[in-house]
Student: 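Sharing a structure with you now.
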Amino acid sequence: MVERALLLCLLLIGFWGVVAKKNIIKKIFGLNILNAAAVMLFILEGNRIGSEAPILESGLAQVVDPIPQALMLTAIVIGVCVTALALALAVHLYQITGSFDIETIRERIQDET
Amino acid sequence: MTTILLILIVLLAVYTLSSKDLLHGVIALSAISLLSAILFYILQAPDVAITEAAVGAGVSTVIFVWAIRHSQRKDDNHG
Amino acid sequence: MGKRKAWSPTLQACLAIGAMGVVLLPVFLSQTPWPTVARDYLMQYGQDESGARNLVSAIYLGYRAFDTLGETIVLLVAVIGTMGLLSRVESLVNTVGDDDNTIQTVSAFSLRGDKRSSHVLRTHLLEVVTGKIGPIVLLFGFYVMLYGHLSPGGGFQGGVIIASGIVFLALGNQQDNTSALSKSSILGGIESVSFLLFIIVAMSGIFFGKGFFGNPLADSAYPVGFIVLLNSIIGLKVGASIGFMCIAMMGGHD
Amino acid sequence: MRPEDIVFATVMLPLLGAALAFCAKLLPKGRVASVVEYTGALVGLGLPPLVLILLFPVVFSGQSVSGVVGQWFVGIGITFRFDALAWLVNILGFTIGTAAWVYSLGAGPKGPAFTGVFLIQTAALCATIMTTDLFNLFVCLEIMGITSYVLIPTSRKAGATLASFSYLMVSASAMVFFLLGTYGFYRLTGALSYEGISNGLQAISSSDTVLSIVSLALLVSAIAIRVAVMPLYGWLPDAHALAPHAVSAVLSGVLIKTPLFALSRILFLFPAGMQVGELMGIAGGVTAVLGVVIALSQEDAKRLLAYHSISQIGYVVAAWGMAISIGVDSPAGTSLMVAAFLHAFYHALFKGLLFLSIGTTVDVAKERNVYILRDSIGKLRAAGERIPVTFMCFVIGALAISATPPLNGFVSKTAITYAMKGSLHYYLLSAAAVGTVASFIKLSRIYWPTGKRGRLHPELGVLPGSSANPQTKAYGLVARLTAQSVLAVLCIAGGLAAPHILTIIGTLMSRGGTNIAVPPILYSTDNLLKTGVTTLGGILLFFVATSKIGSRVLHTIRTRPRSFQGLFVSFSLGTAVLAAFLVVGKI
């Protein structure tokens, strides 16, 4: 229970970063944290029904649920790909406008066009 | 144990978003990735742990550092 | 909607986060017991059906391999997009206002450009150490890649390790002739060809009556061959594309 | 070859084509590389329609092909379903995709990398509409998203990079919430396929109902971001206005509609789905009106079109939502669904046409402001453009979107309003139609001739992306004009052949292969009278809008504060409202 409350806390911190931070790199930090919180929730809860890693050994034991783990492999990779693209866009915006501040960037681009 | 790790992760997350120096933020973020890799290992998810360590702490840190090297380290308005 | 300015941004943010927090409460605090149907099925039949002892690999490359194809596509597109933007970042630095309208990708780069020679970070020590470690890292990457069905790891993780091995080799080569593995054309070639191979392997099940993304070796003595094959292709592809991206990023200006 | 395998050709052939295009990237530039690239495009865009024709008898007789990818165990593997809905959306995707790609040969970004990414986007569209698995839907939506983030900034405008970044941030955050919705359903039912979730939900205890509702709300609002219904539209105008023209045509023609129809697959199966449909229907009606009001206030020609896309998607969402809230098995529901799809399809045709012809014009004139840009015909002529084609294409597109008989816009808008006569949506959409006419009168001013001869600065008149080599330039011109004329012909044909098309789509949308949709009466005196009144109202509104007071109001609307933060605030408040609406409806 405490763990899930902490995860909710982590998720909201990430969301706060995405929503309220002006610096676009900080926004990307927030997106990463948001993603990590969702991944941790899946793994944490999938662990509740077993005690062994899902690699079958000779002895019979209850393994944890492998499905959330397989799904989260995909989710982690997609998260990193999106982060990479977001950073490339951010650097490009910085090269155009000379700023990381989202409002400054918006103003400078509007002035230009 | 998991609770302690999660508390550390939450604290690092707050630091990541509030630090003035973006490079410190990147390092805190890769620390979060490492801690969560340990967490996944404890939670019987070795595959996810390896992926998180390789991708989260490795590749994404490289990209973040590249991005910051191409721009500026300081968060100007800090808000 | 015109009067948004009256609200302060902080208040708006608090409202958004508060609303989301309330919505997410039932998701995070649900006490419903976690379902065990799929786990029980996999424990009983998973190894026979896919041949892999590592059940995560069995799902990742067997039961739900279509998701994995999607994931590699996302990686491919992300690398193309990043490289395209990267080339524009570089060109903006060199010639401001250059504006031609064809999609570009970084087609040729090397760590040993003129700019690199004065780089402080590249000491002799670094070159020697990375040059020696590189092959070992590569070997480890291949191990993780090929044994993904038995132990933790697999194509993707192995691929990332291979990519770091390639980067080490690129950093550590002391002669002016860049090592073959870190050449952009070779890496790009491996990436494209392995993507083509992946799609052909995915379709191969059709000719064995197993359907799209079915296991063509399901009835043979070694059903696990399919997973090993997919692991190797993914490993090569991921290693090439991430290595490509990292070298291009490190080879840029400072 | 079993039917299950043939169905996947629509996904695999574009991917194969993309792989070929990427291989072409490796070859040295020249004839061989181009041949490989064009072969890839042919494989990816040309062959799948043939496969679709092959599959037509199957879906027309009311059957569907469904199963598990790779014949794995159904509880874990990915299930899919290829039915009439998937067939129709595929046709939509390939028609617009092919036209846009051909246009892109003439102007805008091109090259193997562009072709490859474009083909991957098409494959993702087909996969999105076929899948019946929540996590696979997540992956497909991510592919669609990431290809758009890559394609939007290829126009090399500074604003496009910002638009792409905003779109990325808001939709990537929304996808995390989609993942949490998936988590909720998996926790409750242990399944990821829609069928499994729907069966599992019947057995849950009442204390878990709230979790199931919240999960559904998270999924719906994450998809609604992609569809750009009213509170969640903020990312769209910049992205669509600043992307390359070919990409704009695909984005607003196909990309915002596919997730909507994919969502209907989820909603059919859930008890709370009807309420979601009801709420989204109202949101759609409001979107149609507000979108057109903002469109009327715009100065930038392409941005005006982008706001129009929001307004027109509002029509589609209104009819779609109403269909789901009535229930798609009833005749009324089926007719609404038919109308919704028809409008989605026809909107893709005429909006694609408008984006391409306006795109050519603004590129030639190097000016996007509809107040400054005048006498484009003269400028086009001076640039060596084939005037009749580009100008006629614009006229056809503008008349179609303003619902002038007998063009296709008239048919689909009449079909929608006919099916929803008497409801609140009916009045909202009629109001939106007036605004559409007014805003297109405003847009067509760029072609009004002035007294002076059209003159060009020396550097004007060169289309960005077109080559200096005269022979290549000629090929490019042919490609652009072909793409535009094909779309224009389809617009006219879609209007003339409307009764047949309505019957075909009606049969496809009905269960069991017999048409239960009520065919709308198109050319009744009522409808023609209404069209006349709408046109007059539009002209009147145009004069009101150009009056002093009108232009001041529009200026206020245009310069309303828009912030990045607002995107997220509306997303999270929208989700909260949706969840609250569903929870209250349940208790």
Student: Centre-to-centre under 6.0 Å for D/Phe73 and C/Tyr41, is that the case here?
Tutor: yes
Student: Is D/Ile213 in contact with chain C via its backbone, its side chain, both, or neither, using a 4.5 Å heavy-atom distance?
Tutor: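 Interface part for D/Ile213: neither.
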Student: Please identify, among C/Ala19, C/Ser30, C/Ala13, the residue contributing the most non-hydrogen atom pairs under 4.5 Å to chain D.
Tutor: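 Sorted descending by pairs with chain D, the first entry is C/Ser30.
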Student: State, yes or no, whether a side-chain contact exists between C/Arg64 and D/Phe135 at a heavy-atom distance under 4.5 Å.
Tutor: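 In contact.
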Student: With a 4.5 angstrom heavy-atom cut-off, is it the side chain or the backbone of C/Glu191 that approaches chain D, or both, or neither?
Tutor: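 For C/Glu191, there is no contact with chain D at all, as no heavy atom is under 4.5 Å.
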Student: At a heavy-atom separation under 4.5 Å, does D/Thr556 approach chain C through its side chain, its backbone, both, or neither?
Tutor: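 Neither part, no heavy atoms under 4.5 Å.
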Student: What pair of heavy atoms forms the shortest contact from D/Ala576 to C/Val23, and how long is it?
Tutor: CA-CG2, 3.6 Å
Student: Find the distance between CG (D/Leu13) and CE (C/Met203) and round it off to the nearest 0.5 Å.
Tutor: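 Output value for this atom pair is 7.0 Å.
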Student: Where does D/Asp208 contact chain C at under 4.5 Å (heavy atoms): side chain, backbone, both or neither?
Tutor: side chain
Student: Is there a side-chain contact between D/Gln121 and C/Val77 (heavy atoms, below 4.5 Å)?
Tutor: no
Student: Spell out, as yes or no, whether a donor-acceptor pair under 3.5 Å connects the side chain of D/Gln565 to the backbone of C/Pro9.
Tutor: yes
Student: At a 4.5 Å cut-off on heavy atoms, which part of D/Val69 comes close to chain C: side chain, backbone, both, or neither?
Tutor: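 D/Val69 touches chain C through backbone and side-chain heavy atoms alike.
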Student: Does a side-chain heavy-atom distance below 4.5 Å link D/Val150 with C/Thr82?
Tutor: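 D/Val150 vs C/Thr82: side chains apart.
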Student: Are side-chain heavy atoms of D/Tyr183 and C/Phe28 found at a separation under 4.5 Å?
Tutor: no
Student: Looking at chain D, which one of C/Thr32, C/Ile59, C/Leu29 has the largest number of heavy-atom pairs inside 4.5 Å, strictly under?
Tutor: C/Thr32
Student: Do C/Phe66 and D/Phe80 come within less than 4.5 Å of each other through their side chains, counting heavy atoms only?
Tutor: no
Student: Is any side-chain heavy atom of C/Val27 closer than 4.5 Å to one of D/Leu218?
Tutor: yes
Student: For D/Leu180, is it the side chain, the backbone, both, or neither that has a heavy atom closer than 4.5 Å to a heavy atom of chain C?
Tutor: both
Student: Minimum heavy-atom separation for C/Leu69 and D/Met12, please, with both atom names.
Tutor: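 Distance-wise, the nearest heavy atoms are CD2-CE, 4.4 Å.
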Student: For C/Ile199, is it the side chain, the backbone, both, or neither that has a heavy atom closer than 4.5 Å to a heavy atom of chain D?
Tutor: both
Student: For the interface with chain C, which of D/Val11, D/Val210, D/Val577, D/Leu15 has the highest count of heavy-atom pairs at distances below 4.5 Å?
Tutor: D/Leu15
Student: Start with the C-alpha gap between C/Leu196 and D/Leu16, add the side-chain angles, then the distance that decides, and say whether side chain to side chain contact (heavy atoms under 4.5 Å, CB included) holds.
Tutor: CA-CA 7 Å; C/Leu196 187 64; D/Leu16 202 62; 4.2 Å; yes
Student: D/Ala113 and C/Ile80: which non-hydrogen atoms are nearest, and at how many Å?
Tutor: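 Looking at all heavy atoms of both residues, the shortest contact is CB-CG2, 4.3 Å.
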Student: Within the distance-only criterion (no hydrogens, no angle test), does the side chain of D/Arg187 pair as donor or acceptor with the backbone N or O of C/Pro35 below 3.5 angstrom?
Tutor: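 No, D/Arg187 side chain to C/Pro35 backbone: no donor-acceptor pair under 3.5 Å.
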Student: Considering non-hydrogen atoms only, spot the tightest contact between C/Gly70 and D/Ile143 and give its length.
Tutor: CA-CD1, 3.7 Å
Student: Side chain to side chain contact (heavy atoms under 4.5 Å, CB included), that's the test. Do D/Val214 and C/Leu24 meet it? Break it down for me.
Tutor: CA-CA 8 Å; D/Val214 167; C/Leu24 290 178; 5.6 Å; no
Student: Using heavy-atom distances under 4.5 Å, tell me whether D/Thr131 contacts chain C through its side chain, its backbone, both, or neither.
Tutor: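 Nothing of D/Thr131, per the 4.5 Å heavy-atom cut-off to chain C.
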Student: Out of D/Ala579, D/Ala191, D/Cys140, D/Cys23, which one racks up the most heavy-atom pairs below 4.5 Å with chain C?
Tutor: D/Cys23
Student: Kindly indicate whether the side chain of D/Phe177, heavy atoms from C-beta on, has any atom under 4.5 Å from the side chain of C/Met20.
Tutor: yes
Student: Nearest 0.5 Å please: distance from the CG atom of C/Asp67 over to the CG atom of D/Asn136.
Tutor: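 Separation between the atoms: 4.5 Å.
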Student: Considering only heavy atoms and a distance below 4.5 Å, find which of C/Tyr45, C/Phe195, C/Trp34 pairs most often with chain D.
Tutor: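 Heavy-atom pairs under 4.5 Å are most numerous for C/Trp34.
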Student: What is the minimum heavy-atom distance between C/Ala16 and D/Phe568, and which atoms define it?
Tutor: CB-O, 4.4 Å
Student: Only pairs of heavy atoms separated by less than 4.5 Å count here; which of C/Ala78, C/Ala202, C/Ser192 has the most with chain D?
Tutor: C/Ser192
Student: Specify the closest pair of heavy atoms between C/Leu76 and D/Phe22, including all atoms of both residues, with the distance to one decimal.
Tutor: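 What the structure gives for the nearest pair is CD2-CE1, 3.4 Å.
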